[in-house]
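First up is the structure itself, then whatever we jot down about it.
Chain naming here is simple, since letters A, B, ... match the order of the sequence lines and numbering starts at 1 in each.
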There are 2 protein chains.
Amino acid sequence: MSDISRNGVSGGGQPGRIGIGLELDDIHLKILEVLRENGRISVAALAERVGISRANAYTRFEALRADGAIKRFTAEIDHGRAGLGITALIFVTVRQQMWKQFRAELARMPEVEYCAITTGQHDAMIQVRVADVAAVHTMVTDRLANIPAVKATETVFILDEVLRRPYVLPGDGRQRATAARRPATEERGDVPLGKMRFVGAAEGRAALRKDD
Amino acid sequence: MSDISRNGVSGGGQPGRIGIGLELDDIHLKILEVLRENGRISVAALAERVGISRANAYTRFEALRADGAIKRFTAEIDHGRAGLGITALIFVTVRQQMWKQFRAELARMPEVEYCAITTGQHDAMIQVRVADVAAVHTMVTDRLANIPAVKATETVFILDEVLRRPYVLPGDGRQRATAARRPATEERGDVPLGKMRFVGAAEGRAALRKDD
DNA sequence: GTTGAAATTAGTACGAA
DNA sequence: TTCGTACTAATTTCAAC
């Protein structure tokens, strides 16, 4: 039937395999699409919006949950209202062979909202939410600096969050992509590739995943 | 203009101002704490877990929603299961006076999950989810490079997402902090500040917010 | 701010297409 | 598989305290 592979952007065609479990069809994706905007919608209303029966909706809803495609439901809050008006990104260089310790320490930092291991100049990026800039300073110099695994950090502040989607779905821009008029390859001028830069992993980081 | 026309993410809250509307007390925070883990819990069950009456829970729940402290409810999905196994960060340098255009183009990129304006060497950070690495390349060289507002980009891949909380709350680590024993300022040794680096905004970016 | 009812809605089970 | 219906359990609303 339908394949979810069509991603307006990835010109590269074939989808590649989805997960091990469920094969997600268009209806599954539509369910996820609705749930993204309203995670508290009743399954009955969900069924109606997706255009399937209630029983079917319950089945698919439960399948998505059981399969792990839906990990959990949550809320989105206004951090400013909650008194955490400052957001910062801390790029961390981690001493090799000390990832385990680094991760353990992370678990003790409730102000960390997100942490990812990256390629490039640094090894990890941490996003923190705190009340004021002083708290960022404290966090970096007192907490992070005291972790032996942390070799160096670089901190930037987030001035504005322009866009935040709960998640991206394949084929998200299917209607929009048509309307949004993407210039055809032929009519595009020469792309100044020089200004685009990809940054590979720092040396020795290849063995990162097996470190812990 | 749709999605990102205004500061869609930081809500109405002015940077720096706290609690324009509701004054959040401990019970409000506890509600948000429960909702973070289970956004689909019934208000009745919520009341029980927080230790208040149902009517009270309904009142507070509605107040949080109306005030905008809770922006919406949503799901968390497994991107791998959805066929989007690749996550990348693209750091963008934006030509001054072209922020408006940049934001407009962003709205047409459904693979963008998050975009923030930052201090530091670059002007913005974009997080994208795509099916394969080729799609990242396409995204950067075809889509971003064609935006006049984009002066340069730098791309890194996310190898692993170590930690992801839906949101941070003030006082999150209140019990843990006591147990986790943070050394008092006096008893801490000298922190090697040399390895910590804060990066200020690039010149001319101060006028960023009024640019659009 | 709380409790206890009624009214509504959600979730389940099962047979039929 | 999916749908439709009937049944049961739970939630939300609304009242009075």
Side-chain angles (χ1 to χ4, degrees), chain A residues 1-6 15 17-77 81-82 166 169-171 174, chain B residues 19 21-78 81-83 166 169 171:
Chain A
M1 275 204 168
S2 48
D3 74 34
I4 66 167
S5 57
R6 303 280 229 162
R17 309 209 60 90
I18 318 181
I20 314 155
L22 268 187
E23 191 74 14
L24 301 189
D25 59 23
D26 274 354
I27 295 179
H28 286 121
L29 291 182
K30 204 162 179 198
I31 289 174
L32 293 177
E33 205 177 315
V34 173
L35 254 21
R36 173 170 53 181
E37 301 300 324
N38 182 6
R40 273 181 84 88
I41 193 174
S42 72
V43 182
L46 178 65
E48 194 180 15
R49 288 193 54 178
V50 174
I52 57 178
S53 71
R54 282 206 315 153
N56 193 0
Y58 275 105
T59 305
R60 287 168 173 275
F61 183 87
E62 189 42 42
L64 286 168
R65 251 185 159 308
D67 182 64
I70 296 176
K71 289 195 287 189
R72 64 174 158 182
F73 293 93
T74 187
E76 244 181 59
I77 72 164
R81 297 280 164 97
L169 287 174
R174 248 180 294 192
Chain B
L22 266 188
E23 192 71 20
L24 302 190
D25 60 22
D26 278 354
I27 294 179
H28 286 122
L29 291 182
K30 204 162 180 197
I31 290 174
L32 294 177
E33 204 177 316
V34 172
L35 255 20
R36 173 170 54 183
E37 300 301 323
N38 181 7
R40 273 182 84 88
I41 193 173
S42 72
V43 183
L46 177 65
E48 194 179 16
R49 287 193 54 180
V50 174
I52 56 178
S53 70
R54 284 181 316 234
N56 193 358
Y58 275 103
T59 305
R60 287 167 174 275
F61 182 87
E62 191 43 43
L64 286 169
R65 252 185 158 309
D67 182 64
I70 296 176
K71 289 195 289 191
R72 64 173 161 183
F73 292 92
T74 187
E76 244 180 60
I77 73 164
D78 183 332
R81 296 278 163 97
L169 288 174

NE2 (B/His28) and CG (B/Asp26) are apart, to the nearest 0.5 Å, by 10.5 Å
Tell me the interatomic distance from A/Ile52, atom CD1, to D/dT1, atom P, rounded to whole angstroms. 14 Å
From A/Leu32 CG over to A/Ile27 CD1, what is the distance, rounded to the nearest 0.5 angstrom? 12.0 Å
In this structure, how many angstroms lie between the C1' atom of D/dT1 and the NE2 atom of A/His28, rounded? 11 Å
Every protein N/O lying under 3.5 Å from an N/O of nucleotides 6-10 of chain C:
{"residue": "C/dA10", "atom": "OP1", "partner": "A/Ser42", "partner atom": "OG", "Å": "2.8"}

Sidechain-backbone polar pair: B/Thr74 side chain, A/Arg36 backbone, donor-acceptor under 3.5 Å: yes
Just how far is it from atom CG of A/Asp67 to atom CZ of A/Arg65, taken to the nearest 0.5 Å? 12.5 Å
A/Arg40 or A/Asn56: which one's nearest nucleotide on DNA chain D is closer to the 5' end? A/Asn56
Between P of C/dG11 and CG of A/Leu46, the distance in whole Å: 10 Å
Do the side chain of A/Arg54 and the main chain of A/Ala47 share a donor and acceptor less than 3.5 angstrom apart? no
Gap between atoms CD and C1', on A/Glu62 and D/dT1 respectively (whole Å): 17 Å
If only atom types and distance count, is the side chain of A/Arg40 paired as donor or acceptor with the main-chain N or O of B/Ile41 below 3.5 Å? yes
What is the separation between atom CD1 on B/Ile41 and atom P on D/dA10, rounded to the nearest whole Å? 15 Å
